[in-house]
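Positions are given from 1 along the sequence. First listed ligand is number 1; within each ligand, the first listed atom is number 1.
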Amino acid sequence: MTRENEYKRLLPSIKSLLEGENDEIANMANIAAVLKETFGFWWVGFYRVLGDELLLGPFQGPVACTRIKYGRGVCGSAWMRKEAIIVPDVELFEGHIACSAASKSEIVIPLFCKDEVLGVLDIDSAKLNDFDEVDEKYLTLIVKCLH
Ligand code: SME
């Protein structure tokens, strides 16, 4: 199955998984689990905005850095720019924060409430150039299920 078809299959099941549960942390935890299990990404997780930092939230994968300042790394940059960032090769992203040497490419999707960024979904792959606009499109739809 193509990744796009996997996303299409996943969307309704994520919606029903989250249905009836308002706790954001629990819902983030299940989204991270579903994405990790389905696609086998190296690291899948959330960071939540807390003051001028992002604080590590629910994730699946190896230990990660706990706090990221506004504008720092890929995650802090996506927060600052208020847009998704796709990094085909993490070594070429200036200021990239390496939590694991195995991570080769990355995508970060901001979570919004109106115009305000509440946090980000961060996914790392052990393969170079593993993310494109298809991932951005469907991951954006998936994080919208959190509202
Ligand atoms: N690479 C991220 C840091 C978080 S870890 O990848 C889990 C960044 O540059 O913001």
task: Would you give the length of the straight line joining atom NZ of Lys144 to atom NZ of Lys15, rounded to the nearest 0.5 angstrom?
output: 10.5 Å
- request: Using a strict cut-off of less than 4.0 Å between a Lys/Arg side-chain nitrogen and an Asp/Glu carboxylate oxygen, indicate whether Asp115 and Lys82 qualify as a salt bridge.
  value: yes
task: If a pair satisfies ring-ring contact (aromatic ring centres under 6.0 Å, His included) and one of its residues is in residues 81-101, list it, with sequence neighbours excluded.
output: none
message: Among residues at least two apart in sequence or on other chains, which ones pass side-chain contact (heavy atoms from CB on, under 4.5 Å) with Ser16?
response: none
Pairing residues for Tyr138 by the ring-ring contact (aromatic ring centres under 6.0 Å, His included) criterion, not counting sequence neighbours: Tyr7
- line: Sorted by chain and residue number, the residues with a non-hydrogen atom under 4.0 Å of ligand 1 are Trp43, Tyr47, Ala64, Ile68, Gly73, Val74, Cys75, His96, Ile97, Cys99, Glu106, Asp122, Asp124
- line: CE (Met28) and CZ (Phe59) are apart, to the nearest 0.5 Å, by 14.0 Å
